[in-house]
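Have a look at the structure below before the remarks.
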Amino acid sequence: MKLKNLFTCTVTGLLLCTSCIKDEAPNAEADILSCILPAEMLTGTDIDYNRPYDKSLNAYPIYIEVNNGTDLTRLAPTFELTEGASIEPASGSTQNFTNPVRYTVTSEDKNWHRTYAINIHYPETKSIPTVFNFENVKTVPYNKNEYYVLYEAASGYSTLTWSSGNQGFALTGSGYAPNDFPTSISPNGRTGNCLQLITRETGSLGTLVGMPIAAGNLFIGSFDIGSAMSDALSATKFGTTFYYEPIKLVGYYKYKAGPKYKAGPKFYENGEYTNRKDVFNIYALFYEKTKDVQMLDGHITKNNYEHENMVAAAVITDTHETSEWTRFELEFDYEHYGKTIDPQKLANGGYNVSIVLSASKDGDVFQGAPGSTLLIDDLELVCKQPLR
């Protein structure tokens, strides 16, 4: 809700060239901006407050990880809400979080309500799956649209929910079906379904705010819809806890750059369309978590995969077009960063891994060719220590 209102205000401001009205109507937002618990209780500060609506919970989920030994039966979180909003149960009231607790936020104007399911839990001890076949999806409603969220679930592993920029694209219009979005699935996979990433035009609203294209993307991490307009690179947070040393990222792809026009490919950059040809990107990151850096963000590619927390990266270099399923094998380069892995820190969940896939390599800065299509299937993260 927050970004939708921001987007509307931005467009209105551009069209009318006027300042905000001083005598504003009561606020119509009903959001949790932050959930506050004692700092010494938390394992990290990077909490995603913008997860999409979960139909199975009938609520917006928030997951908060606390240290082992924390008494979950008597926790009293306080909340920062959008201006004028109220929350029930009350902020600061003691609740039993051995199971998720449902909170309802009511807007200042009393016309809007939003229900959250807050899950406070101990650190995960199971790894995410390492084989990704893109067979599992659920639909999420947003701004009178429905889009796909992909996930991987396997016995003995923690479920991995992939992230994408679909929620941002949903703000550009209404009535979109799941396959109209940049990130979706196709039934024409190498085996069963496959991931389908297409760079889409965002219409007049996107063009007006300098975001005329949305590259199909998928990544392990989270997408902060609240900051997507003001700082798109910071809105993409890469990584999830991983307990093993990755060696290779292997899989299969097909790729076709955006269609050609009389002057060449229709590639958007620097405020206009040019004849530059689009390329895709596939890469994976392995890095250590520290007190100050819990997750890396979209700036990592602009910095050529350099960051003081980086341990290894695997990046595709051969990005040619192909209509046949083409195998790729990307080795994690540890030597470049000159670091060794601390086995104890690894066992304690002190490292993150992320995989990032995009139909337009520079789509994160809104450069790419509409229609560029990347299909991915049978992706696997090969690790040094066999997973049990």
Side-chain angles (χ1 to χ4, degrees), residues 3 6-7 10-11 14 50 162-173 181-183 195 197-239 255-259 261 263-285 287 293 295-307 310 313-317 319 321 354-374 376:
L3 184 59
L6 174 61
F7 193 95
T10 301
V11 173
L14 288 170
N50 297 289
W162 292 90
S163 292
S164 74
N166 274 351
Q167 191 175 15
F169 183 81
L171 293 172
T172 67
F181 278 78
T183 301
L195 173 66
L197 304 177
I198 302 177
T199 297
R200 304 284 194 186
E201 292 182 284
T202 56
S204 57
L205 291 180
T207 300
L208 196 60
V209 294
M211 301 177 179
I213 61 107
N217 62 40
L218 194 77
F219 57 93
I220 295 175
S222 61
F223 178 68
D224 182 2
I225 188 70
S227 63
M229 284 270 300
S230 59
D231 189 350
L233 293 179
S234 295
T236 51
K237 308 286 188 179
F238 297 142
Y255 184 69
K256 179 66 176 176
Y261 292 79
K266 187 181 180 184
F267 187 97
Y268 184 88
E269 61 179 332
N270 301 323
E272 61 182 4
Y273 286 102
T274 72
N275 62 359
R276 179 177 162 191
K277 190 171 184 178
D278 209 355
V279 295
F280 66 94
N281 202 11
I282 298 172
Y283 64 93
L285 310 172
Y287 63 92
V293 179
M295 298 179 78
L296 299 182
D297 61 30
H299 290 93
I300 191 68
T301 54
K302 302 303 112 183
N303 294 328
N304 199 29
Y305 310 102
E306 297 289 346
H307 191 279
M310 282 292 298
V315 183
I316 196 166
T317 55
T319 55
E321 290 182 294
S354 184
I355 299 170
V356 185
L357 314 163
S358 179
S360 294
K361 183 177 181 180
D362 295 321
D364 53 354
V365 290
F366 308 104
Q367 297 182 7
S372 291
T373 302
L374 175 64
I376 299 283

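Computed over heavy atoms, backbone and side chain alike; hydrogens, waters and symmetry mates excluded.
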Quick one: list whatever passes ring pair (Phe, Tyr, Trp, His ring centres under 6.0 Å) with Phe169, sequence neighbours left out.
Tyr176, Phe181
Heavy-atom count check: over 12 atoms from other residues, nucleotides or ligands less than 6.0 Å from Lys237 NZ?
yes
Distance from Ile355 atom CD1 to Ile376 atom CD1, nearest 0.5 Å?
10.5 Å
State whether Lys302 and Asp297 are salt-bridged, where the test is any N-O pair (Lys NZ or Arg NE/NH1/NH2 against Asp/Glu carboxylate O) under 4.0 Å.
no
From Thr236 OG1 over to Leu233 CG, what is the distance, rounded to the nearest 0.5 angstrom?
6.0 Å
Looking at Phe223 and Gly168, what are the two nearest heavy atoms and their distance?
CE2-N, 3.9 Å
Does the ring center of Tyr268 lie less than 6.0 Å from the ring center of Phe366?
no
Working to the nearest 0.5 Å, report the span between CD of Glu201 and NZ of Lys266.
4.0 Å
Would you mind telling me which of Val279, Asp278, Ile282 makes a side chain to side chain contact (heavy atoms under 4.5 Å, CB included) with Thr319?
Val279
Looking only at side-chain N and O atoms, does Thr199 offer a donor or acceptor that is under 3.5 Å from a partner on Ser360?
yes
Do Gln367 and Asn270 have side-chain heavy atoms sitting under 4.5 Å apart?
yes
Side chains of Lys256 and Leu374 in contact at under 4.5 Å (non-hydrogen atoms)
no
Minimal non-hydrogen separation, Ser222 against Met295, with atom names:
OG-CE, 4.2 Å
At their closest point, which heavy atom of Gly363 faces which heavy atom of Ala215, and how far apart are they?
CA-CB, 3.8 Å
Do the non-hydrogen side-chain atoms of Leu357 and Leu197 ever get within less than 4.5 Å of each other?
yes
So do the side chains of Leu171 and Ile225 get within less than 4.5 Å of each other, counting heavy atoms only?
yes
Does Tyr255 reach the main-chain N or O of Ala359 with its side chain, forming a donor-acceptor pair under 3.5 Å?
yes
Would you mind reporting whether Thr183 and Asn217 have side-chain heavy atoms less than 4.5 Å apart?
yes
Please determine whether side chain to side chain donor-acceptor pair (under 3.5 Å) holds for the pair Asp364 and Thr301, giving the CA-CA distance in whole Å, both sets of side-chain angles, and the decisive distance to 0.1 Å.
CA-CA 9 Å; Asp364 53 354; Thr301 54; 3.1 Å; yes
Pairs where residues 212-221 contributes a residue and the test salt bridge (charged side-chain N to carboxylate O under 4.0 Å, His left out) is met, not counting sequence neighbours:
none
Heavy atoms, side chains only, cut-off 4.5 Å: are Ile198 and Arg200 in contact?
yes
Enter the distance from Met310:CE to Tyr287:OH here, rounded to the nearest 0.5 Å.
9.5 Å
Tyr305 meets the ring pair (Phe, Tyr, Trp, His ring centres under 6.0 Å) criterion, sequence neighbours left out, with Tyr283
With the side chain counted from C-beta on, respond yes when Phe280 and Thr373 share a heavy-atom pair under 4.5 Å apart, and no when they do not.
no
Where Ser354 and Phe238 come nearest, the two heavy atoms and their spacing
OG-CB, 3.6 Å
Just to verify, which of Val315, Ile220, Ile300 counts as forming a side chain to side chain contact (heavy atoms under 4.5 Å, CB included) with Leu285?
Ile300
Identify the heavy atoms of Pro370 and Pro259 that sit nearest to each other, and give their distance.
O-CD, 3.2 Å
Within-4.5 Å side-chain heavy-atom neighbours: Val293 and Leu296
yes
Distance col, row Phe219:CZ vs Ser163:OG, nearest 0.5 angstrom, shows 4.5 Å
Can you name the nearest heavy-atom pair linking Thr202 to Gly206, along with the distance?
OG1-CA, 3.2 Å
